[in-house]
Amino acid sequence: MTTPQHKIGSGFGARSTADDVLQGIDLSGKLAIVTGGYSGLGLETTRALARAGARVVVPARRPDTAQEAVGGIDGVEVDELDLADLESVRRFAERFLATGRSAEFVIANAGIMACPETRVGPGWEAQFATNHLGHHALVNRLWPAIARGQGRVVTVSSGGHRHSGIRWDDVQFERGYDKWLAYGQAKTANILFAVQLDALGRDAGVRAFSLHPGAILTPLQRHLPKEEMVAAGWIDEAGNALDPSFKTPEQGAATQVWAATSPQLAGMGGVYCEDCEIAEVTIEDNPGRGVRPYAIDPDEAARLWRLSAGLTGVDAFAPIR
Ligand SMILES: NC(=O)c1ccc[n+]([C@@H]2O[C@H](COP(=O)([O-])OP(=O)(O)OC[C@H]3O[C@@H](n4cnc5c(N)ncnc54)[C@H](OP(=O)(O)O)[C@@H]3O)[C@@H](O)[C@H]2O)c1
């Protein structure tokens with residue numbers, strides 16, 4: 001049964017924090033894997049899950065920096081992972097599988113935004129490769145270890161998905177690069193991935209969700225020139241947040257924590273969330289509100305899965321021949 005892409009009246013909102021949505025939820029004995037769980041929204045997610053009793057594995061491309069960031073938090077362990085390097089993804093997944101543990105929550109949070117044209121692996125565009133293909137390979141490799149009957153996979157997308165659907169005729173931007181189209185495509189891919197994973201995984205009791213966390217000043221904006229952020233009205237010349245709709249990191253982490261843990265979403269999946277709610281479908285250009293129809297289209301989702309499985313060589317659901 002597919003879940004309608006409509007609000008459910010969660011009672012939470014844009015100002016809810018990760019701790020708010022975890023009120024009364026005991027995560028003792030549960031394990032979460034949070035990619036990028038040592039910076040920005042990921043760090044707040046790690047902190048909140050750990051406070052609620054979960055063990056949190058933080059795979060990091062800079063393990064020393066990660067260790068410094070999460071060092072004081074009980075129940076958190078750091079491992080090594082570079083999502084732009086499929087060998088690194090394989091090694092991390094194999095190390096995790098070898099521990100014999102299972103994960104109730106996998107939060108695909110790590111990401112890069114609007115970087116200058118960068119090529120990784122066999123020449124792949126870096127935002128698509130890091131934000132989507134790396135997570136595709138990671139989740140598929142971790143699939144045997146995702147808790148049956150109670151597992152959730154959450155992909156952190158963005159309202160920026162409105163910039164682009166999947167550019168089927170030029171996925172790798174071989175005919176000219178645009179940093180926002182590339183971010184948009186990668187964030188649409190995060191949503192479509194959750195749609196298809198939910199369809200494939202729900203019989204095993206593993207559900208998938210995607211979300212927009214809100215707009216939050218974090219190191220994610222590292223590739224944006226200050227003038228661009230000033231012109232967009234996000235910050236003033238001194239770097240202070242100007243846009244009153246911006247969230248704190250604690251508020252920004254709330255929707256991913258809610259999607260991963262909330263009993264309000266029991267029996268649901270495949271939907272895109274925002275402000276600790278299921279979002280509505282929209283074609284209006286209202287930044288950060290709603291999800292575009294192309295991003296939740298099941299045919300697009302299946303097509304992207306086939307493409308990603310072909311590119312990465314990883315598909316936990318491939319028929320055995
Ligand atoms: N902040 C916002 O306003 C906003 C809005 C919409 C969506 N989002 C989404 O929210 C997520 C988290 O963003 P954030 O704002 O918390 O940004 P952030 O502070 O920059 O955190 C991103 C994390 O991803 C990690 N990462 C980047 N490339 C990686 C790679 N190749 N392999 C492994 N890890 C990698 C980074 O590691 P390093 O620190 O080592 O580089 C960092 O830990 C992203 O997916 C972003 O697209 C954020």
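Computed over heavy atoms, backbone and side chain alike; hydrogens, waters and symmetry mates excluded. Numbering of ligands and ligand atoms starts at 1, following listing order.
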E274 bridged to K247 by N-O distance under 4.0 Å: no
Under 3.5 Å: N/O of L220 near N/O of ligand 1: yes
Where ligand 1 meets V156 - atom numbers and elements under 4.0 angstrom, heavy-atom basis: 9 (C), 10 (O), 11 (C), 45 (O)
Side-chain ion pair, E117 and K179, N-O less than 4.0 Å: no
L81 neighbourhood, listing ligand 1 atoms whose heavy-atom distance to it stays under 4.0 Å: 32 (N), 33 (C)
Residue, atom name and distance, where the atom is the protein heavy atom closest to atom 38 (P) of ligand 1: Y38 OH, 3.3 Å
Atom 16 (O) of ligand 1 [closest protein heavy-atom partner, distance rounded to 0.1 Å]: L41 N, 2.8 Å
Check: V58 main-chain N/O paired with E77 side-chain donor or acceptor under 3.5 Å: no
Per-atom contacts, ligand 1 versus I112 - under 4.0 Å to a heavy atom: 27 (C), 28 (N)
The one among K247, E44, R62 that brings a heavy atom closest to atom 39 (O) of ligand 1: R62
Test: R175 and D169 ion pair at under 4.0 Å: yes
Residues R91, E94: salt bridge by 4.0 Å N-O rule: no
R162 charged N/C atom sitting above W180 aromatic ring, 6.0 Å / 45°: no
Under-4.0 Å salt bridge between R141 and D315: no
Residue selection (non-hydrogen contact nearest atom 35 (C) of ligand 1) among M113, R61, H212: R61
Polar atom proximity, P213 to ligand 1 (N or O, under 3.5 Å): no
Sidechain-backbone polar pair: S88 side chain, D82 backbone, donor-acceptor under 3.5 Å: yes
G37 heavy atom under 4.0 Å from ligand 1: no
Protein contact of atom 44 (C) of ligand 1 - nearest heavy atom, named by residue and atom, plus distance: N109 O, 3.2 Å
Pick from G252, G160, A69, S157: the one approaching atom 7 (C) of ligand 1 most closely through a non-hydrogen atom: S157
Reference residue D275; test side chain to side chain donor-acceptor pair (under 3.5 Å); the match among H212, R289, Q251: R289
Aromatic Y38 / basic R62 pairing, under 6.0 angstrom, 45° off normal: no
Electrostatic pair E125:R119 at N-O distance under 4.0 angstrom: no
Where ligand 1 meets R222 - atom numbers and elements under 4.0 angstrom, heavy-atom basis: 20 (O), 39 (O), 41 (O)
Option of least heavy-atom distance to atom 22 (C) of ligand 1 (set: G40, S88, G111): G111
Distance from atom 34 (N) of ligand 1 to nearest protein heavy atom, with residue and atom: A110 CB, 3.7 Å
Side-chain touch F92/V57, heavy atoms, less than 4.5 angstrom: yes
Main-chain N/O of G13 paired with S16 side-chain donor or acceptor, under 3.5 Å: yes
Distance-only N or O hit between ligand 1 and Y183, under 3.5 Å: yes
Protein contact to atom 5 (C) of ligand 1 [nearest heavy atom, distance to 0.1 Å]: G214 O, 3.1 Å
Those atoms of ligand 1 less than 4.0 Å from some heavy atom in T218: 1 (N), 14 (P), 15 (O), 17 (O), 19 (O)
Heavy-atom nearest neighbour in the protein, as seen from atom 6 (C) of ligand 1, with distance rounded to 0.1 Å: S158 OG, 3.4 Å
Any N or O of I216 closer than 3.5 Å to N or O of ligand 1: yes
From CA spacing to verdict: side chain to side chain contact (heavy atoms under 4.5 Å, CB included), V139, I146: CA-CA 9 Å; V139 171; I146 301 177; 4.2 Å; yes
Ligand 1 N/O within reach of S39 N/O, cut-off under 3.5 Å: yes
Y272/H161 under ring pair (Phe, Tyr, Trp, His ring centres under 6.0 Å): CA gap, chis, key distance, verdict: CA-CA 11 Å; Y272 172 94; H161 77 273; 5.2 Å; yes
G36 neighbourhood, listing ligand 1 atoms whose heavy-atom distance to it stays under 4.0 Å: 23 (C), 43 (O)
Interfacing atoms of ligand 1 (cut-off 4.0 Å, heavy-atom, P219): 19 (O), 20 (O)
T130 neighbourhood, listing ligand 1 atoms whose heavy-atom distance to it stays under 4.0 Å: 28 (N), 29 (C), 30 (C), 31 (N)
Closest protein heavy atom to atom 32 (N) of ligand 1, given as residue, atom name and distance to 0.1 Å: L83 N, 2.8 Å
Top protein contact for atom 31 (N) of ligand 1, by heavy-atom distance: D82 OD1, 2.9 Å
